[in-house]
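Keep in mind that the numbers below use all heavy atoms, side chains included, and drop hydrogens, waters and symmetry copies. Below, chains carry the letters A, B, ... as their sequence lines are ordered, and counting in each starts from 1.
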Amino acid sequence: MIRKTKANVTEALVGVQDGMTFMLGGFGLCGIPENAISELVRLGVKDITCISNNAGVDDFGLGLLLHQHQIKKMVSSYVGENDEFERQMLSGELEVELTPQGTLAEKCRAAQAGFPAFFTPAGYGTEVAEGKEVREFNGKMHILEEAFKADFAFVKAWKGDAAGNLIFKGTARNFNPCMCGAATITVAEVEELVPEGELDPNQIHIPGIFVQRIFQGKDYEKRIEQRTVRQK
Amino acid sequence: MLDKNGIAKRIAQEVEDGYYVNLGIGIPTLVANYVRDDISVEFQSENGILGMGPFPIEGEEDADLINAGKQTITALPGASYFDSATSFAMIRGKHVDLTILGAMEVAENGDIANWKIPGKMVKGMGGAMDLVASAENIIVAMMHTNRAGESKILKRCSLPLTGVGCVKKIVTNLAVLEVTEDGFLLLERAPGVTVDDIKTATEGNLIIKGEVKEMNV
């Protein structure tokens with residue numbers, strides 16, 4: 001049996017190369033694959049394309065890769081929290097493809113599920129629709145969006161087992177399940193890695209078939225972007 | 001004239017018992033504070049929660065529990081979490097009853113622009129394009145004019161569009177408007193605001209039928 005469990009992040013990211021396309025889970029800084037991002041920074045891979053809903057903040061998340069000028073192109077829905085990103089985009093150093101959030105999620109899911117493309121009403125009549133096939137269904141206009149193609153998907157889960165089964169926590173789930181199995185190799189990092197048999201099959205969010213490599217992550221910072229509270 | 005909370009208060013009157021509601025960032029977020037407490041409403045945040053509750057009590061913030069504005073939140077009894085594709089299946093599949101969002105410009109044909117100012121602000125559309133393209137019940141919360149006093153209620157949008165022909169109702173600091181085939185039908189005026197004030201502040205075609213009642217806020 002092929003062993004999916006990797007000893008550490010370095011072993012889990014073997015094969016990562018310049019010019020590749022990566023999917024990275026997370027919404028804002030919530031549920032991002034912190035360990036994989038740190039390793040990509042350490043490896044210094046260049047000219048990469050990142051598919052990720054957001055681009056991190058200046059000094060955390062994908063902002064770390066931007067800072068090192070490792071990213072050639074970003075595919076995201078919202079990039080408003082990162083000044084360095086905006087600077088690189090406006091100066092033309094960074095190529096950016098802004099994609100509606102639901103379309104971004106579905107382009108991941110389509111890749112996971114084996115659909116080459118799908119029609120969505122999102123973006124019809126806007127600049128997002130430029131150059132895309134338009135078709136009317138039930139009196140409503142839709143545009144054709146193609147599934148993503150990626151070399152690696154880096155996702156973060158709460159718990160996982162040696163079979164690659166994953167369980168997510170709270171809203172840290174977000175894009176992570178959609179990206180599992182949507183790239184050639186899916187690497188999952190988890191806060192708690194357990195032996196097979198310890199997770200209840202009823203509770204599993206992503207079956208291990210969508211995950212090729214799994215490792216126990218460490219030193220999670222889990223930074224909060226907007227700390228909002230109320231008084232007792 | 002209403003302030004942001006006043007706009008939210010008026011929109012809250014549109015929320016009905018049993019509704020699933022998606023609230024955008026900004027004024028729409030405030031709507032949750034004014035929904036009647038004798039009805040049951042579930043708030044959806046498109047990053048992956050239904051049954052979103054208020055901000056956590058200080059010290060109980062959880063980095064794994066945020067809303068679409070990246071703010072720490074809580075989950076109410078009956079809440080659920082889900083992935084982004086499922087979240088937009090709820091939106092695209094028209095399972096969400098009411099969408100409330102902000103806008104930079106709205107046009108009399110129902111077009112909306114709220115995501116980009118070329119050369120100035122390029123932050124991205126987030127979930128706004130999916131929301132406006134699919135939701136059947138959209139209320140736009142916005143100020144009637146910009147800081148320079150120019151109308152944001154227009155004949156045609158000048159900024160890049162978020163969606164076409166999708167806005168049905170608008171609540172501003174001055175008025176409640178309905179988008180009709182002939183233009184903006186003036187439904188209500190804000191306390192202390194005259195019909196002439198609204199005419200002056202509206203660039204698009206404004207339709208006035210009979211006596212325009214004052215908002216009850």
Sort out for me which of [options] touches chain A most, counting heavy-atom pairs under 4.5 Å.
options	answer
Gln71(B), Glu60(B), Glu46(B)	Gln71(B)
Asp64(B), Val164(B), Thr86(B), Leu161(B)	Asp64(B)
Gly124(B), Gly48(B), Gly127(B), Gly126(B)	Gly126(B)
Thr72(B), Ile49(B), Asp62(B)	Thr72(B)
Ala128(B), Ala89(B), Ala68(B)	Ala68(B)

Aromatic Phe60(A) / basic Arg223(A) pairing, under 6.0 angstrom, 45° off normal |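 Here Arg223(A) passes the 6.0 Å and 45° test against Phe60(A).
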Examine whether an atom of Asn67(B) lies under 4.5 Å from a heavy atom of chain A, and if so say whether it belongs to the side chain, the backbone or both; otherwise answer neither.
->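 Backbone only.
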Residue Ser80(B) versus chain A: region with a heavy atom under 4.5 Å =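 Nothing of Ser80(B), per the 4.5 Å heavy-atom cut-off to chain A.
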Partner residues of Phe119(A) under the ring-ring contact (aromatic ring centres under 6.0 Å, His included) criterion, sequence neighbours left out =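 Once residues adjacent in sequence are excluded, the partners of Phe119(A) under the ring-ring contact (aromatic ring centres under 6.0 Å, His included) criterion are Phe137(A).
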Name the one of Lys156(A), Lys159(A), Gln216(A) that satisfies side chain to side chain donor-acceptor pair (under 3.5 Å) with Glu191(A)?
->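 In the set Lys156(A), Lys159(A), Gln216(A), the residue that makes a side chain to side chain donor-acceptor pair (under 3.5 Å) with Glu191(A) is Lys156(A).
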Specify which of Ser76(A), Cys178(A), Gly31(A) makes the most heavy-atom pairs with chain B at under 4.5 Å.
->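 Heavy-atom pair counts peak at Cys178(A).
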Closer than 4.0 angstrom, basic N to acidic O: yes or no for [X] and [Y]?
X	Y	value
Lys132(A)	Glu146(A)	no
Glu105(B)	Arg156(B)	no
Arg227(A)	Glu61(B)	yes
Arg135(A)	Glu133(A)	yes
Glu127(A)	Lys116(B)	yes

Contacting moiety of [X], where chain B heavy atoms sit under 4.5 Å:
X	answer
Met141(A)	neither
Glu225(A)	both
Val128(A)	side chain

